[in-house]
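Residue numbers begin at 1 in each chain, while the letters A, B, ... track the order of the sequences. Note that these values count all heavy atoms, side chains included, but never hydrogens, waters or copies made by symmetry.
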Amino acid sequence: MELAKAYDPKSAEESHYQRWETKGFFTPEINEDPDAKTYSIVIPPPNVTGSLHMGHALQHTIMDVLIRRKRMQGYRTLWLPGTDHAGISVQRKVVEQLKKVDHKSPIDIGREEFVQRAWAWKEQYGNAITEQMRREGASVDWLRHRFTMDDSLSIAVRNVFCTLYDEGWIYRGLRIVNWCPKDKTVLSDLEVKEETKKDGKLTYLKYPVIGTDRTVTVATTRPETMLGDTAVAVNPSDDRYKDLIGRTVALPLTGRVIPIIADEYVDAEFGTGAVKITPAHDPNDYQIGQRHDLEQILVMNEDATMNAAAGPEFEGLDRFVAREKVVERFTELGLLEKIDDYEITLPICERCKTIVEPILSDQWFVKMDEMRDLALDLARKGVPAFSPEVPHQKVYTAWLENLKDWTISRQLWWGHQIPAWYDEDGNVFVGRTEAEVREKAGGKELRQDQDVLDTWFSSGLWAFSTFGWNGDTTDTPDLNAFLPTDVLVTGRDIIFLWVSRMMMLTKKFTGKTAFDDCIVTGTVLGKDGKPMSKSRNNGVDPIEMFDKFGVDATRIYLASIATGADIKWNDVGVETYRNFANKIWNATRFCLMNAEGAGVDHASLIEHGGFSLPDKWIISRLNQTAIDVNAGLEKYEFHTSVSLLYHFFWDDFCDWYIELKKDEITAGSVEATTRIVTILEIALRMLHPFMPYLTEDLWLKLPGVSSSLLHAAYKNSEQTIMLTSFPVGDLAAVDKAAETEMNAVIELITKIRNIRAEMNISTAIKFSVHVAANSSFQGVFRANEAQILKLAKAEKLIIADTLDVPRASAKAVTNDASIAVPLEGLIDFDVERTRLANQIVKLTEEKDRLTGQLSNTNFVDRAPAEKVAELRERSAELEHQIETLNVNLEALD
RNA sequence: GCCGUCUUAGCUCAGUGGUAGAGCACUCGCUUCACACGCGAUAGGUCGUAAGUUCGAAUCUUAUAGACGGCACCA
């Protein structure tokens, strides 16, 4: 069989995925072993509004590597895919579409039609990301695809809500919440980010104190909120204001009279020491208001314009316009003391960047006391175990310890409508269905709560709702088989939003842990070192990378990033692995060009006494690599495994083994070719989780692949590398002696090549090489004479106890041998002197360091004896080499 | 304000107590019968700075500078 000269990723990508999927290779049911252990991962469901970005590609790669390896190890594996309904994001898309296409607003068409349109939008656009996942090669079980608003998952949401309500863990209440005036919904604390504004202002307003000629000055960054002030607070021990406590002020612009109160919250050192209190627009003021029984005056509408309570002069004005107007009016009244420049941090909406307004609002909350303890008890037992452990284990635990209640209602139409109904008197009835609630309400007229639940409420159930738990049904085969899931792979940004809530809710409703381990991936940054974003225009599209370098190259590059580390994107990294793919393609191509009569045969790797040194060495390297690759993956250190595979394939297999065996193979040795394709077959399996397309493509082309190569759990399946067993590596097959001997050969060849390069001798000129070594290495070199001559491009190898060469020779030393190449007429003595002198300098530096260390009695006394012996041996070796080089140098004169 | 992470070759990154590594770029040489997405050979770093612990520190401790992140506060 003759392969194309270069690997074409696209043709491999196009031919294999569909076959894998239609043959059912991704489903756990493919496993025929009734006693197989299970291994499961649920995907962090991407938003239906999303398209694939590098973060997904990274996480999906990690998950696929884990799943593919476990599948090859005979586990009954499930990687469950799905999507998230993404409340606000979809709502916004549909609103935009409605405006653009129909010039209508949601109110125009009403809730029912709006929701219908949202579903239509989801059907039309919501599958973009799943198609992209197929391209990625993700071995997810599409038959178990879930959407957070599927029927069963929605029933789960209602049941969880009702149970938590019945148990008093969910409550409705009037609180200061984060309000986004653009999205017109409340946000949880986690959805509010902050933005530092350097040109902020601190405005000092004077309020006249009634019954005196004094004023009290308060400072504020939001002057418009003074329209809702219901008190001025000072610290009770502040001498400046002691006599004012209990008096009242005439609140300008409102005609209202408000008290001056004393509260420990006020810091006398800050600002003027007097604070305006607006209980309806500030969380701290709200607290003070509660303590002093103050009126709460809401002065804004839901779009952050001022409402009637702000007074006719301000009603209808945007908050920022009102702010200017308040300042203007205070100036006119002579009550503006000053405006200072002040750096402030503003709360902004995570999605739309609008400045969030803290306002008093009636919302639904989850009480976090018991919920937190569920997660905290696990966290203290190290569940989930984060990778990397630092800093996540600590940060996660600390966050749980300081948890506040979770605002779960959202003023949206797209999502899970809250299963609560109100009668005309405002009494609340919570129930799983309207019928159930009607019964409770005794036939009163009811209206369902118009709000929906935070998207994270339903994603919090993802670890078990996806396996069929919905509250009505609480026992399913999948639930028993796959929960707890083995590992969750996700980004830092949703550890609190999602990871913590899955831990809590899964424990609460199933009694099980959601997952044992949690791999936290780093951030893939743009080429400018900043997070990728549309506004920065520094994004890199994974699909473009797939087209340019191939899916496999992109995957293994992503897997080569240290777990949890951020990385600046660079195409060169992917290109490196594109080249790697091509290298493997061509190595296979070479084997297949000479495969007449040969085929994969695992018996060919069992030593019967006929192995040459390169054979013993490559088998040793193969097994050691397998052991180390597995160890790396067990520790979730994907990058070390990638590096091991890269160097095994490129250095050991291609640069040395193929070159050493080339003569035998091209001469048509069936034995040699059988052995090399067998080694290749095993190595491809190790690589398969990282580079599924390339390895499948090549594996299927290898001669002699048969069902006997499939893992026992899949023995009735069709041929595919993805159902063979993942190599474990055999410590008994690791041959230290062979590695030492092979290293001596490699070093010898390298030194001879070095002489040729540095003496600038054309490869057309074949020279003789004299080698002096001890008898054991003499044997090694003799046994591999043909290979040494070929790779060093020499024509004769003279091996002896000592070197006996003319003065016009270039010389070198290795750990195990002295080398001389007679170069009569070709040698430049100055160059040779420099060469030798440089080598002497280098070795002497090392020797001096060791001598220093070994003459330090503290070191000799305290360091492990083994270490000291090692250094002594090395020192003697160096001394010998330096001596030889010096003799060689002197001989030149 | 509190907590944390990072700083290693020109670039992008590995490396957690025992002689500094990779890929790319650079230099030199190869149309060598798998691969120029290649082959061979070099060169390149006092591991941000300073002090400390240790026989020994890129690695542990402390301080400090810079970059970044999280949390809190924000009258």
### Message
Need one value for R753(A): base, sugar-phosphate or nothing, where a base atom within 4.0 Å counts as base even if backbone is also close, heavy atoms only.
### Response
sugar-phosphate
### Query
Any N or O donor-acceptor pair linking the side chain of R589(A) to the base of rC35(B) at under 3.5 Å?
no
#### Entry: Criterion ring pair (Phe, Tyr, Trp, His ring centres under 6.0 Å) against F580(A), the qualifying member of Y646(A), Y7(A), F549(A), F653(A)
Y646(A)
### Task
Write down the distance between OH (Y7(A)) and C1' (rA36(B)), rounded to a whole number of angstrom.
20 Å
### Message
Tell me whether the rings of W569(A) and Y557(A) are parallel (<30°), tilted (30 to 60°) or perpendicular (>60°).
### Response
perpendicular
### Query
With respect to the phosphate group of rC71(B), does any side-chain polar atom (N or O) of K404(A) fall under 4.0 Å of OP1 or OP2?
no
#### Entry: Phosphate contact (rG40(B) OP1 or OP2) by W656(A) side-chain N/O below 4.0 Å
no
### Message
Is there a side-chain contact between K662(A) and the phosphate of rA34(B), meaning an N or O under 4.0 Å from OP1 or OP2?
### Response
yes
### Query
Could you walk me through whether E337(A) and T217(A) pass the side-chain hydrogen bond (donor to acceptor under 3.5 Å, both in side chains) check?
CA-CA 8 Å; E337(A) 185 170 307; T217(A) 304; 2.7 Å; yes
### NZ-CD distance between K766(A) and E795(A), expressed to the nearest 0.5 angstrom
8.5 Å
### Presence of donor-acceptor pair under 3.5 Å, side chain of K5(A) and base of rA34(B)
no
### Query
With distance as the sole criterion, do the side chain of K583(A) and the base of rC35(B) form a donor-acceptor contact below 3.5 Å?
yes
### Message
Students often get this wrong, so: under 4.0 angstrom with heavy atoms, is Y204(A) touching a base, only sugar-phosphate, or nothing?
### Response
nothing
### Task
Looking at every strand, decide which applies to A562(A) at a 4.0 Å heavy-atom threshold: base, sugar-phosphate, or nothing.
sugar-phosphate
### Query
Under 6.0 Å between the ring centres of F690(A) and F638(A)?
no
### Query
What nucleotide, of rA41(B), rC39(B), rC71(B), holds the atom closest to the side chain of W650(A)?
rC39(B)
### Query
Quick one: is rC74(B) close enough that its OP1 or OP2 comes under 4.0 Å of any side-chain N or O from N284(A)?
yes
### Message
From the set rA75(B), rA34(B), rC24(B), return the single nucleotide nearest to any side-chain atom of V266(A).
### Response
rA75(B)
### Query
Hey, does the side-chain of E269(A) have a donor or acceptor N/O within less than 3.5 Å of a partner on the base of rA75(B)?
no
### Query
N586(A) side chain: which of rC35(B), rC24(B), rA75(B) is closest?
rC35(B)
### Query
Is there a donor and acceptor pair closer than 3.5 Å between the side chain of T345(A) and the base of rC74(B)?
yes
